[in-house]
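Encoded as structure tokens, the structure appears first; notes follow it.
These numbers come from the heavy atoms of this one structure, side chains and all, not from hydrogens, waters or symmetry mates. Along the sequence shown, residues are numbered consecutively beginning with 1.
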Amino acid sequence: MNRIPLRVSLACLLLTCTSTLPTVVGAQEPASTAQQHPLDPLTAAEIDAAAGILSAAPQFPEGALFATLVLKEPPKPDVLAYKLGAPTVRQAFAVILDRKRGRTFEAVVDLGASRIVSWTEISGVQGVVLEAEYETLVGVVKADARWQNAMRQRGINDLDQVQIDYWAVGEVAPRYQRRRLLRAVSYFKGGSTNFYGRPIEGVGVLVDMVAEKVIEFVDTGAVPLPPASQEFDEKSTGTRTAPKALTIAQPDGPSFTISGQEIRWQKWRFRYTMHPREGLVLQMVGYEDAGKLRPILYRASISEMAVPYGDPDRNWRWRSAFDVGEYGMGRLASPIEQNTDAPPNATLFGVTFAGDNGRAYVLPRAVGIYERDGGMLWKHYESYSKTNESRRARQLVIFFIATIGNYDYAINWIFHQDGVLELDAALTGIMLPKGVRDKSANGHAAGPTSGHLVSPSVVAPHHQHFFNFRLDFDVDGPANSVTEMNTRAMPPGPGNPSLNGMIMEERTLTTEAVAQRRMNMASARTWTVVNRSMRNSLGHHTSYIVVPGINSIPYVAPASQVRRRAGFINQHFWATRYREDEVYAAGAYPNQSLGGDGLPRWVANKESLANEDVVVWYTMGVTHIPRPEEWPVMPVTHVGFKMIPGGFFSRNPALDVPK
Ligand SMILES: [Cu+2]
């Protein structure tokens, strides 16, 4: 978790650097031609102004850090009622960490009035792990005599050769819960780029970041370092014969238009923003139909992740990363590389974030948008007349890539011409390695294992990745209901004499309490968000259907701390009534939480979901049983889901796509 985000000064990015990269657009500043919208992210000037107002306030603790400094999104009704050109209310929301006392504050600043609107201490919580804390952690660990001794016992005398990786605490003993904590995991760097290939196994360090002291030190015994052959740059791997050129070119430019944060493409219209915690957020997603813009989603983003590891070892059992709430997926966006991460026709955007010190900086190439070939869109070959009607599909992809320590996650939102919106998460990077004494341990063990040998002396423990997406649907408006569709065989009887009958039963999930559902392959289960006051020309209520893709159920026990903290992984589908402050599936402060916050708490009041502003939360999981073919770097694994129109249109909406 020790990546330091690449930063570029505003001046460089806006004035000189971009001039040589025509497809790289500058910071996430609204283009001068676009009018400001209430959902536009804070500009660099607004970030600096908000940080200035807060740090000048008498209550601002000396040396405090900005764990968060973002636009406070105006209330949803105000945004929906907003008329272009009207003045916008600009407020900033900040989470402030008093490092010296370990206290956390939330503040709201009115930028128009240059004043603090609210300042509240939130007791007993810990915000995201901050970049500024990393240096402190390394200093504390490397100065600890027990750690130094453990390195020497392993034959490591040059401590500069050791790379410290930082981790949120994962599992926390309740007696430590009120302290601000970080864990350190040690790797042997040597001359390697991939230090993850050489874990210094057996050493566990827990640090109190306020006292700046190691409060727990574990050494379960030395394990030999894996050999130094874990590199995967071209020089190390060698290269095969390259395939012949395949040209991706759009000589007439892209088919999408960008105005400020708004993007229009093939009847789709939406806004995007990058949030330091959630990463890419889609806002006000709609589809132009017969001259009208029909709303589908007000806001969609990843709301939380949990990656529990399944190894009960003393130094592994606490490992479970909440990549959104503990680290901030947007903040950890890595710069997209053209031609590899993104095709050559991609447009890349930098985004403006606030640093720990409150100062604005630009994260270059953080968001990418491009069109790609989508295979066949639809076709029929008429065999008698030998006529072919066929259309080629085009897709629009908007994405970012978060690099969180060893793992790289690309979150791709894919717009299709037939009204489908797809989410594709791409998992790559380096599996978390465990050094083992026995070179072949777990490699071909006969019994059950909690990890697989992926390289000599390196085991990758089994683990799961759970993602939760918050999908604030507004299907033809905010008042929606939720249903579940289950298909089954029709019972035998006079109405089903050939036993071929099948029926789909749709039932309304009337309250938050009953809208906690798991997938069911036996009934081909899907869920819909339906507008009961709108019908298509056939009489169907207009709806969007949530179609699951690959998924998993959790194996960490329900009583485990990680499972209590990540209650959102208990179900694949949740629905809640819209609340402005219900944004993160494991609660606003999952770091060091003891559990109980987030979705399970919000649904406990069993609010009605009939004709309400409904928010859907979809959890998808990957059970990762490592393979040698995933070492030293993983080929991309895809996992996703779709939102498809269900009676939203009256016929195939892509009929009008030209040949
Ligand atoms: Cu994995």
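Glu484 and Trp527 are linked by a side-chain donor-acceptor pair at a separation below 3.5 angstrom, with hydrogens and angles left out of the test. Side chain to side chain, Trp617 and Ser303 fail the donor-acceptor criterion of an N or O pair below 3.5 Å. For the residue pair Glu382 / Ser385, a side-chain donor-acceptor distance below 3.5 Å is found, with atom types taken as modelled. A donor-acceptor contact closer than 3.5 angstrom links the side chains of Asn345 and Gln250. Between the side chains of Ser334 and Thr403, at least one donor N or O lies within less than 3.5 Å of an accepting N or O. Looking only at atom types and distance, the side chain of Ser552 has a donor-acceptor partner in the side chain of Thr623 under 3.5 Å away.
Asp424 contributes atom CG, which lies 8.5 Å from atom CD1 of Ile411 (distance to the nearest 0.5 angstrom). Expressed to the nearest 0.5 Å, how far CZ of Arg392 lies from NZ of Lys379 amounts to 11.0 Å. For the atom pair CG of Asn468 and CE of Met305, the computed distance is 11.0 Å after rounding to the nearest 0.5 Å.
Side-chain contact between Phe232 and Glu234 is absent, with no heavy-atom pair separated by less than 4.5 Å. Counting heavy atoms from C-beta on, the side chains of Pro645 and Val420 come closer than 4.5 Å.
Among residues two or more places apart in sequence or in another chain, the side chain to side chain donor-acceptor pair (under 3.5 Å) test is passed with Asn531 by Ser533. Partners of Trp602 under the side chain to side chain donor-acceptor pair (under 3.5 Å) rule, at least two apart in sequence or in another chain, do not exist in this structure.
Just one of Thr483, Thr508, Asn480 meets the side chain to side chain donor-acceptor pair (under 3.5 Å) condition when paired with Thr528; it is Thr483. Among Glu630, His462, Gln464, the one residue that satisfies the side chain to side chain contact (heavy atoms under 4.5 Å, CB included) test with His624 is Glu630. With Gln395 as the fixed residue, the side chain to side chain donor-acceptor pair (under 3.5 Å) test singles out one of Glu371, Glu422, Gln266, Arg372: Arg372.
Contact between Asn611 and Ser481 at its shortest, heavy atoms only, is N-OG, 2.9 Å. Taking each heavy atom of Pro626 and Pro461 in turn, the nearest pair found is CG-O, 3.7 Å. Scanning both residues, Met274 and Ala333, for their nearest heavy atoms gives CE-CB, 3.8 Å.
Phe256 does not carry Arg264 over the face of its six-membered ring by the limits of under 6.0 Å from the centre and within 45° of the normal. A cation-pi geometry, defined here as NZ or CZ lying under 6.0 Å from the six-membered ring centre and within 45° of its normal, does not hold between Lys386 and Tyr381. Arg277 forms a cation-pi arrangement with Tyr584, by the criterion of a distance under 6.0 Å to the ring centre and an angle within 45° of the ring axis.
Using a 4.0 Å cut-off between a side-chain N of Lys or Arg and a carboxylate O of Asp or Glu, Glu288 and Arg269 qualify as a salt bridge. One finds no salt bridge joining Asp613 and Arg577 here, because no Lys/Arg side-chain nitrogen approaches an Asp/Glu carboxylate oxygen to under 4.0 Å. Using a cut-off of 4.0 Å between Lys/Arg side-chain N and Asp/Glu carboxylate O, Asp476 and Arg535 are scored as not salt-bridged. Of the charged side-chain nitrogens involved, at least one lies within less than 4.0 Å of a carboxylate oxygen, so that Arg299 and Glu73 count as a salt-bridged pair.
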